[in-house]
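Below is one structure, written out as structure tokens; the observations come after it.
Quick note: residue numbers are just sequence positions, from 1.
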Amino acid sequence: MVEPRIAVAVVTMGNRPAEVDALLESVAKQDVAPARIVIVGNGCRLPEFARRLSLPGEVTTIDVEDNLGCPGGRNVALARLRAYGDVDVVVELDDDGLLADADVLRRVRDLYAADPRLGVVGFRIADEHGETQQRHVPRVGKSDPLRGGYVTCFLGGGHAFRMAMLAETGDWPAEFFFAHEETDLAWRAADADWKILYAPELLLRHPRTSPARHAIYYRVNARNRVWLARRRLPLPLIPVHLGVWLLLTLARTRSLAGLRAWFGGFAEGLREPAGERRPMRWRTVWRLTRLGRPPVI
């Protein structure tokens, strides 16, 4: 069994210095050290980390002039790791997260070593009280956050990718900036026959938040939903998927301002170019449906 070489990537806007330090210290405490740590300053200048925090492995900091959004910033880290060419698996972590246990990287290493077709490993996210929000469980409906297994999506806050998978599927959709980028990448991975595993024993502590805290949430959520459908779904499923989400949004959204922003984003998604169209195969649609999350919802 060949043990994969692991890197850790973190993207930050520079507005959470204490949280980033705590996260990196939790990485330094892992019983399997990462070969590389890459930290991207998304529109900010980064401080020195390696000596101050006694970080293991090779530490690289990259200052990006403009905020590229979460997927764009993560692509910067992936490009640097690809250029180094000596990493097999990358663990990407939110800058306000915290690895709760010291064996997370070892468990990640062992999971990938045991299965060459494992592409994505999703972590469980729990708040400061140890509770996992239902929206952070990668299954439809009410589901036990402690039940692991193969799924159709993953959480952006804490996960691992096999670099060989990314070489086949491509990286994050940077143009999404925020919202639904995980689903776009997960559907490409599934369509290329890579497995997506939810491993709740891999725990990332993360403050309880609402996605609607972002000012652009409703607009980009709707726009990216349309782009996602236009890029990845077979033609007959596009109106079904968007129709379902239109009804769900009308039922769930209580804010008139939010609804106006959502419909503006929906129109933008129809009007603006969605990027490369590479629809998934019908057999992938069937596989996702069997795993409990048909791509129409």
Side-chain angles (χ1 to χ4, degrees), residues 9-13 38 40 42-43 64 66-82 90-97 119-123 125 133 135-138 151-163 165-192 194 196 198 204 206 209-233 238 241-242 245 262 265-266 268-269 272-280 284 288 293 295 297:
V10 177
V11 176
T12 182
M13 295 189 296
V38 176
V40 176
N42 220 1
V64 179
D66 299 315
N67 181 2
L68 303 178
C70 190
R74 284 175 170 164
N75 282 347
V76 171
L78 292 174
R80 182 61 60 89
L81 289 172
R82 191 171 290 115
V90 56
V91 173
E92 296 186 321
L93 302 169
D94 269 6
D95 67 344
D96 55 347
V120 183
V121 174
F123 296 7
I125 292 179
Q133 293 177 262
R135 70 184 182 90
H136 286 153
V137 182
V151 291
T152 66
C153 57
F154 63 94
L155 303 176
H159 56 268
F161 293 147
R162 191 184 294 273
M163 294 295 288
M165 179 201 76
L166 294 173
E168 184 175 352
T169 63
D171 292 344
W172 293 96
E175 59 272 33
F176 279 33
F177 195 82
F178 161 75
H180 302 307
E181 65 268 20
E182 298 97 338
T183 305
D184 184 271
L185 186 45
W187 284 358
R188 280 181 277 143
D191 201 45
W194 291 95
I196 303 171
Y198 173 54
L204 183 79
H206 190 283
T209 58
S210 166
R213 71 190 186 278
H214 298 289
I216 62 173
Y217 169 73
Y218 289 105
R219 179 180 68 84
V220 297
N221 183 62
R223 181 198 67 187
N224 293 357
R225 175 72 64 183
V226 178
W227 280 356
L228 175 69
R230 290 174 59 191
R231 290 158 63 105
R232 306 298 171 213
L233 290 181
I238 294 176
H241 178 87
L242 296 180
W245 278 99
W262 194 92
F266 192 92
E268 183 182 348
E272 298 296 330
E276 177 194 21
R277 174 163 168 77
R278 197 191 329 164
M280 67 178 73
T284 304
L288 297 182
R293 190 158 193 152
I297 61 175

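Looking only at distances, no side-chain donor or acceptor of E168 sits under 3.5 Å from a matching main-chain atom of L166. With R231 contributing its side chain and A274 its backbone, the two residues share a donor-acceptor pair below 3.5 Å. A donor-acceptor pair is defined here as one N or O able to donate and one able to accept, closer than 3.5 Å; such a pair exists between the side chain of H180 and the backbone of N221. Although no hydrogens or angles enter the test, the distance criterion places a donor-acceptor pair under 3.5 Å between the side chain of N224 and the main chain of F178. Proximity of a side-chain donor or acceptor of R277 to a complementary backbone N or O of L233 within less than 3.5 Å is detected. In terms of modelled atom types and a separation under 3.5 Å, the side chain of R219 and the main chain of E268 share no donor-acceptor contact.
Applying the side-chain contact (heavy atoms from CB on, under 4.5 Å) test between P173 and each of E181, R232, E182 identifies E181 as the sole match.
Residue M13 places its CE atom among 12 or fewer non-hydrogen atoms of other residues, nucleotides or ligands, all under 6.0 Å distant.
Using a 4.0 Å cut-off between charged side-chain N and carboxylate O, R82 and D171 make a salt bridge. Classification of E276 and R188 as a salt-bridged pair fails, no side-chain N sitting under 4.0 Å from a carboxylate O.
Taking the centre of each ring, W172 and H159 come in below the 6.0 Å mark.
A heavy-atom distance below 4.5 Å is not found between the side chains of W227 and D184.
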